[in-house]
Amino acid sequence: MTPISQLRPTHAEAASAAKIFGFWAYLMSDAVIFALLFATYVTMSQNLAGGPTGKQLFDLSPVFYETLLLLFSTLSCGFAMLSLSNKQKPRLLIWLGVTFALGLGFLLQEYSEFDQLIGNGAGPDRSGFLSAFFTLVGTHGLHVGLGLIWLLVMMAQIILKGITLPVASRLYRFSLFWHFLDLIWVSIFSVIYLPGVL
Amino acid sequence: MNASTSARQANLAGYLKGFLLALLLTLLAFTLASYASGMDFQLSRLLRGMLPDATETIRALPQWIIISIIFGLAFLQMLVHIRYFLHLNFSLQQRLNVGFILFSLFIIFIAVCGTLWIMRDLNQQMLPVSSE
């Protein structure tokens, strides 16, 4: 049996638990947004307006790079959480730095892919299919970009404030956000790119 | 629950296991798409060299079966992410989160299926465009 004193959370712990629940509420509202963008994409995917199809545009190689970069960054984010629970500050900063570098690599790869598509006249203004494609993949990319800014802020807080309870709680919520974005990316390559090249 | 207890549930073996499972499911999905489309990616030649030559068999399959398998692999990979990275489980501490997530999935189901159903139906009722 657990002693009563351990069952009753401290005030700080209870506040942290409430924030984690609130963050799940945010993540789920974000999931609803992505789900509706997916529904829009599937509805629009045949509306080519005489423009290029997914099979003509998509290339599996950059998508595979992007997938690996995000998957490795999710792993390094997990390693950062392990360093956090062991209170190893230098190791935590290194893993967060690795996560940042991999996330930035993902964004640069996505930018070059978008740049190439728009350069080939397949921008979001070309057809309903491409509008829906850029909206969905762009929204995910925007989330990754904002996640990178959040990551920089957290690294600064670790350096300036140390690993305090509020900083640890924020880092835990960041890790939820980051893993959630990888989960959305799994749906993106499985709904857009892989069926697109068939 | 707080950050320290949730981090304690997580361990190195769990993250590595989740990562390897996710990587395997990703490779399977990409290799299947590569077989079916004939399009290459970085590891496709290597993987196809290791696997038996199934190009004929896979190309003979109707497209909806291949897409269903890709969706099935994605669903499995999401379960892996939820289990090993997001650490959701049915413990007492997480019951509120899980209930909230299931409710959100219900909302998503209604919104997505409703959208696809109604838009498909409307599309079929449209008169064909006579000319550009």
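We name chains A, B, ... by the order of the sequence lines, and we start the count at 1 in each one.
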> Would you say the side chain of A/Val42 lies within less than 4.5 Å of the side chain of B/Thr115, judging by non-hydrogen atoms?
Replying inline: no
> For B/Phe19 and A/Phe72, what are the C-alpha separation, side-chain angles and deciding distance, and is it a ring-ring contact (aromatic ring centres under 6.0 Å, His included)?
Replying inline: CA-CA 8 Å; B/Phe19 173 76; A/Phe72 273 101; 5.0 Å; yes
> What distance do B/Ile69 atom CD1 and A/Ser190 atom OG have between them, rounded to the nearest 0.5 Å?
Replying inline: 13.0 Å
> Which bit of B/Phe71 comes within less than 4.5 Å of chain A, counting heavy atoms only: side chain, backbone, both or neither?
Replying inline: side chain
> Can you tell if the side chain of B/Leu16 reaches within under 4.5 Å of the side chain of A/Phe79, non-hydrogen atoms only?
Replying inline: yes
>> Atom NZ of residue position A/Lys55 - does it have more than 12 heavy atoms of other residues, nucleotides or ligands inside 6.0 Å?
In response: yes
>> Count I, L, V, M, F, W, Y as connected when their side-chain heavy atoms are under 4.5 Å apart, and connections chain through other members. Are A/Trp24 and B/Leu79 then in the same cluster?
In response: no
> Taking a hydrophobic cluster as the set of Ile, Leu, Val, Met, Phe, Trp and Tyr residues connected by side-chain heavy atoms closer than 4.5 Å, whether directly or through intermediates, do B/Tyr84 and B/Leu20 fall within one such cluster?
Replying inline: yes
>> Does A/Tyr26, at its OH atom, have more than 12 non-hydrogen atoms belonging to other residues, nucleotides or ligands within less than 6.0 Å?
In response: yes
>> If I take atom CE from residue B/Met39 and atom CZ from residue A/Phe58, how far apart are they, to the nearest 0.5 angstrom?
In response: 9.5 Å
> Are any non-hydrogen side-chain atoms of B/Leu32 and A/Leu194 less than 4.5 angstrom apart?
Replying inline: no
> Looking at A/Thr40, A/Leu60, A/Leu36, which one has more heavy-atom pairs under 4.5 Å with chain B than the rest?
Replying inline: A/Leu60
>> Would you say A/Leu146 ends up clustered with A/Leu181 if hydrophobic residues are merged whenever their side chains have heavy atoms under 4.5 Å apart, either directly or through other cluster members?
In response: no
> In the single-linkage hydrophobic clustering (I, L, V, M, F, W, Y; side-chain heavy atoms under 4.5 Å), do A/Met44 and B/Leu122 co-cluster?
Replying inline: no
>> Would you say CD of B/Glu56 has more than 12 non-hydrogen atoms from neighbouring residues, nucleotides or ligands within 6.0 angstrom?
In response: no
> Going through the checks in order, is the side-chain contact (heavy atoms from CB on, under 4.5 Å) test met by A/Val186 and B/Thr26?
Replying inline: CA-CA 8 Å; A/Val186 172; B/Thr26 301; 5.8 Å; no
> If you tally heavy-atom pairs under 4.5 Å against chain B, which of A/Asn86, A/Leu171, A/Thr74 wins?
Replying inline: A/Thr74
> Hey, does A/Met81 have a side-chain heavy atom less than 4.5 Å from the side chain of B/Tyr15?
Replying inline: yes
> Considering only heavy atoms from C-beta outward, does the side chain of B/His87 approach that of A/Leu176 to under 4.5 Å?
Replying inline: no
>> If I compare all heavy atoms of B/His81 with all of A/His179, which pair ends up nearest, and what's the gap?
In response: ND1-O, 4.4 Å
>> Using 0.5 Å steps for rounding, measure from the CG atom of A/Asp182 to the CG atom of B/Leu86.
In response: 9.5 Å
>> Please classify the contact of B/Leu105 with chain A as side chain, backbone, both or neither, using a heavy-atom distance under 4.5 Å.
In response: neither
>> Quick check for you: among A/Val191, A/Asp59, A/Thr43, which has the greatest number of heavy-atom pairs under 4.5 Å with chain B?
In response: A/Thr43
> Between A/Val32 and B/Phe106, is there a shared hydrophobic cluster once you connect ILVMFWY residues whose side-chain heavy atoms come closer than 4.5 Å?
Replying inline: no
> How far apart are the closest heavy atoms of B/Ile82 and A/Leu183, and which atoms are they?
Replying inline: CG1-CD1, 3.8 Å
>> Rounded to the nearest 0.5 Å, what separates atom CD1 in A/Ile20 from atom CG in B/Asn97?
In response: 8.0 Å
> Just how far is it from atom CD1 of B/Ile108 to atom CE of A/Met28, taken to the nearest 0.5 Å?
Replying inline: 7.0 Å
> Rounded to the nearest 0.5 Å, how far does CG of A/Asp30 lie from OG of B/Ser104?
Replying inline: 11.5 Å
> Hey, which of B/Ala74, B/Gly14, B/Gly18 has the most heavy atom pairs under 4.5 Å with chain A?
Replying inline: B/Ala74
> B/Phe100 vs A/Phe21 aromatic rings, parallel, tilted or perpendicular, using cut-offs 30° and 60°?
Replying inline: perpendicular
> Taking everything shown except B/Arg120 itself, do over 12 heavy atoms lie less than 6.0 Å from its CZ?
Replying inline: no
> Contact part of A/Lys19 toward chain B, heavy-atom cut-off under 4.5 Å: side chain, backbone, both or neither?
Replying inline: neither
> For B/Gln42, is it the side chain, the backbone, both, or neither that has a heavy atom closer than 4.5 Å to a heavy atom of chain A?
Replying inline: both
>> In terms of relative ring orientation, are A/Phe189 and B/Phe30 parallel, tilted or perpendicular, with 30° and 60° separating the classes?
In response: tilted
>> Below 4.5 Å, heavy-atom pairs only: which of A/Ala39, A/Ser61, A/Ala25 has the largest tally toward chain B?
In response: A/Ser61
> Are any non-hydrogen side-chain atoms of B/Val112 and A/Phe38 less than 4.5 angstrom apart?
Replying inline: no
>> Please classify the contact of B/Leu88 with chain A as side chain, backbone, both or neither, using a heavy-atom distance under 4.5 Å.
In response: side chain
>> Using the ring-ring contact (aromatic ring centres under 6.0 Å, His included) definition, which of the options A/Tyr65, A/Tyr193, A/Phe64 pairs with B/Phe41?
In response: A/Phe64
> Which atoms of B/Asp40 come close to chain A, meaning under 4.5 Å heavy atom to heavy atom: side chain ones, backbone ones, both, or neither?
Replying inline: backbone
